[in-house]
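For reference, the structure is listed below as structure tokens.
Order of the sequence lines sets the chain letters (A, B, ...), proteins ahead of strands, with each chain counted from 1.
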Amino acid sequence: MAETKIDSNVFVQFDRVQKSYDGVSLVVKDLSLAMPRGEFLTMLGPSGSGKTTCLMMLAGFETATYGDIMLDGISINNIPPHKRGIGMVFQNYALFPHMTVAENLAFPLEVRKIPKTEREAKVKLALEMVQMGDFGGRRPAQLSGGQQQRVALARALVFEAELVLMDEPLGALDKQLREHMQFEIKRIANNLGITVVYVTHDQTEALTMSDRVAVFDDGRIQQLAPPDELYESPQNSFVAQFIGENNTLEGVVKEIVNGVALVQLDDGKLIDCNPVNVSKPGERTRVSIRPERVEFNKDRLQEGAHTLKAEVLEFIYMGDIFRTRLRVAGNDDFIVKTRNAPDQVRLEPGAQIDIGWLPSDCRALDA
Amino acid sequence: MSVNPATAPLLSADGMPLKKSLGRALRRQKIRALMLIAPLLLFVFVAFIMPIVSMLFRSVENDIVADTLPQTVLELQSWDAELGELPPEVVYAALASDIKIAAKARKHTKVGLRLNYEQSGVASLFKKTARKAKKWDGDADAPFKEKLIEVHKSWGEIEIWQTLKVHSSNYTSGYFLNAIDMRKTVSGPEFQPEEKQVLILLFKRTLVMSLIIMGTCILLGYPVAWLLANLPARQANLLMILVLLPFWTSLLVRTSAWKVMLQQQGVINDLLVQLGLVADSARLVMINNETGTIVAMTHILLPFMILPMYSVMQTIPPTYLRAAKSLGATNWTAFWRVYFPQTVPGIGAGSILVFILAIGYYITPEIVGGSKGVFISNRIAYSILKSLNWGLGAALASILLVAVLVLYWTYDKIVGIDNVKLGG
């Protein structure tokens, strides 16, 4: 391919990869992606968005219909999975039920013909790394979900793979354990300096663990960015909707001056926005504002900024935050989140307030 | 709630101790359950357990000699069979009296038949003796020794008396000894003459051929079960119908069909000759021998192997194979180290099923087995239906039953019966 740049820093690369199962529709559409060594990249997206297919193509269980997948500069399209040397953690762990934990871990070393003493040392080390040192003699069925998950992780790491793939590894765990394992995985990945491709549909998981997140939808990467950028500057309405909570208002662009777009909402009100995905007046747009960036305290609003009338519909006390539902410009689902601080106002249902925001927080995206 | 629950016995709402109350509640459930299975239990008892017990009992039962010839048996007790001398006159007199009574009651042929199993010619000896003895009149015709020897010279030979004495007890190990090609003699058990030794050979053949059939079923069934478990639902259903098709066809028809296929003028031989692989003069003999039995029985028992294997394979998620490959295993290693061990319970279940069915199979070996391919069950059928030696048939069947139980026990020790899965 002419446009392929040989970059020594790139470790994993998808180059215009397409995948079709039935020859009629594409599951993965023209996907290009480059990952440097040591990166923790998460593929995030709704089910059927093509993220797992991408992972399976990287692991070698699916073949790309078109395009190249490169590992360390070498195309791996024709290398069978067992020769790729990629560690993988499966959704249901896929620990071999007829082997003990230690045998499970020794398996990849055995098939690599590593001598017994060395094998045992490595297995021990790997088990200790995931704090499972005492469980070598157990069968997977005798372990809890979290312990199985640790063993699965250790097994993917024991043969010192530089690239580890994880396919929704925490999906079967309860919330608390999941959060704990997120940090554990992140810590181990950092310590070992391995490159990780992580697939999940849980956005919190993606945001807390990753160096970069690739948001998938409809077989394409909608946005590939570090978590903060993804959250704060979504490039299109899908990403804005998918990542975090989001308020949307629909309208038409009136004008764009000095990098600020004036949008007329469907009920005639005008607001200032950051034109992200709109280029000319007359375009329809979906305006996105994060609930925690909405301001109703007049003192904190910018001088001369446009405000909107809002009616408080519901106030929900959530402990650390207050969640207030408003009716704004005909939208009954406009959410405002405020911190539970001593001086914070608790809005009563039925109250009429003015709300506003910084034009930079209000992003005019595609309709 | 004034009573301290730690010290006072727990009472149910009507003041009865809780334990008693629970026992009563559970007893009612137990009785209900028992009532529900009672018809089946009764049926199983009448139609399955009783016949088996009575059949097993026949393998040691030997009342007939002592019942028909009571005086003779009594007098023979004091006669030493190993000295080589004919018994004294009292024995002959007792026999004459016994046979006379037996002849009137028409029981003499039965005892003759019974003893004929042990020594050929006894049946006709008893018939002839009974005809004469009917006319004898008590002590007037004494001495009986010369008279009986006159009737048949066998009564002057020691073998018949030895046979009588050896088989006079109410219970006998004789049938079991016969079943393993031995016989009871005055000097203890000894092997039958060479030319009469067939049963041990038959047992061995049954065992070996059942193992071969089990093996071919595993070899042929494993890939089919794998396909069934891994094909898309539509194709798998079609394949399943093909697997089950033999179940829906009469056993006799299928077995006869193999005759058509395998005989020397049959389909397969014709094809081989036409292809020039086999000379017309040297057509293969594939029926009425071991080959015929193995081929036909493998075909008939195959579903019993495939179904348990399939149901086990169905529960093995494909991610195990993927995981093994991602860990660096080749296709073969992944199969052999990861997939195959998990299918062992299915193979075990199928093997037990096929082996136990094969070891007692009767119809197929009877039709396609000829003389070299018959099983011990055919011999049992022969004993019971043709030679009417029920005792020997029962002894053979008992040995077969014990052999199966021993194998089952061994299997349990080695593989563990809880490792056998018929599904789920």
Side-chain angles (χ1 to χ4, degrees), chain A residues 21-22 52 55-56 58-62 79-100 103-114 123 126 139-141 148 151-161 163-169 172 197, chain B residues 218 222 225-226 229-236 308-351 411-424:
Chain A
Y21 285 107
D22 51 6
T52 301
L55 197 76
M56 289 302 164
L58 187 51
F61 299 127
E62 301 287 356
I79 299 178
H82 67 271
K83 289 189 179 151
R84 295 192 181 189
I86 299 176
M88 184 149 182
V89 180
F90 289 84
Q91 198 165 4
N92 294 312
Y93 320 131
L95 295 174
F96 307 140
H98 58 292
M99 298 183 189
T100 62
E103 284 166 351
N104 261 287
L105 260 71
F107 183 81
L109 304 174
E110 264 175 65
V111 298
R112 286 178 171 74
K113 308 221 161 40
I114 288 170
V123 168
R139 297 267 164 149
Q148 289 187 26
V151 175
L153 185 62
R155 190 178 65 174
L157 297 171
V158 72
F159 58 99
E160 286 153 13
L163 174 62
V164 175
L165 313 181
M166 303 192 188
D167 183 11
E168 308 207 17
V197 179
Chain B
I218 294 174
Y222 200 91
W226 188 85
N230 288 287
L231 277 180
R234 269 175 69 123
Q235 280 126 295
M309 288 208 277
Y310 160 66
S311 66
V312 168
M313 286 179 185
Q314 222 184 3
T315 63
I316 303 173
T319 38
Y320 286 134
L321 277 178
R322 288 189 161 185
K325 281 184 215 166
S326 85
L327 293 170
T330 57
N331 283 337
W332 169 250
T333 318
F335 166 77
W336 183 243
R337 292 284 312 278
V338 174
Y339 193 79
F340 181 78
Q342 295 185 63
T343 60
V344 165
I347 299 176
S351 300
Y411 183 91
D412 184 30
K413 284 286 150 209
I414 298 169
V415 185
I417 214 69
D418 38 335
N419 270 335
V420 168
K421 274 194 207 156
L422 286 171

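- Heavy atoms closer than 4.5 Å to chain B are found in the backbone of A/L95, but not in its side chain.
- For the pair A/R112 and A/F159, the distance from NZ or CZ to the six-membered ring centre is under 6.0 Å and the angle to the ring normal is within 45 degrees.
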For this session: List the steps and the verdict of side chain to side chain contact (heavy atoms under 4.5 Å, CB included) for B/K325 and B/N331.
Result: CA-CA 7 Å; B/K325 281 184 215 166; B/N331 283 337; 3.0 Å; yes
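- Contacts of A/F107 with chain B are made by side-chain atoms alone, with heavy-atom separations under 4.5 Å and no backbone atom involved.
- Neither the backbone nor the side chain of A/Q91 comes within contact range of chain B; no heavy atoms are under 4.5 Å apart.
- Ranking B/P317, B/A324, B/A334, B/G328 against chain A, the residue ahead of the rest is B/G328, based on heavy-atom pairs under 4.5 Å.
- B/T333 contributes atom OG1, which lies 11.5 Å from atom CG of B/L327 (distance to the nearest 0.5 angstrom).
- The OG1 atom of B/T343 lies 12.0 Å from the CH2 atom of B/W226; values are rounded to the nearest 0.5 Å.
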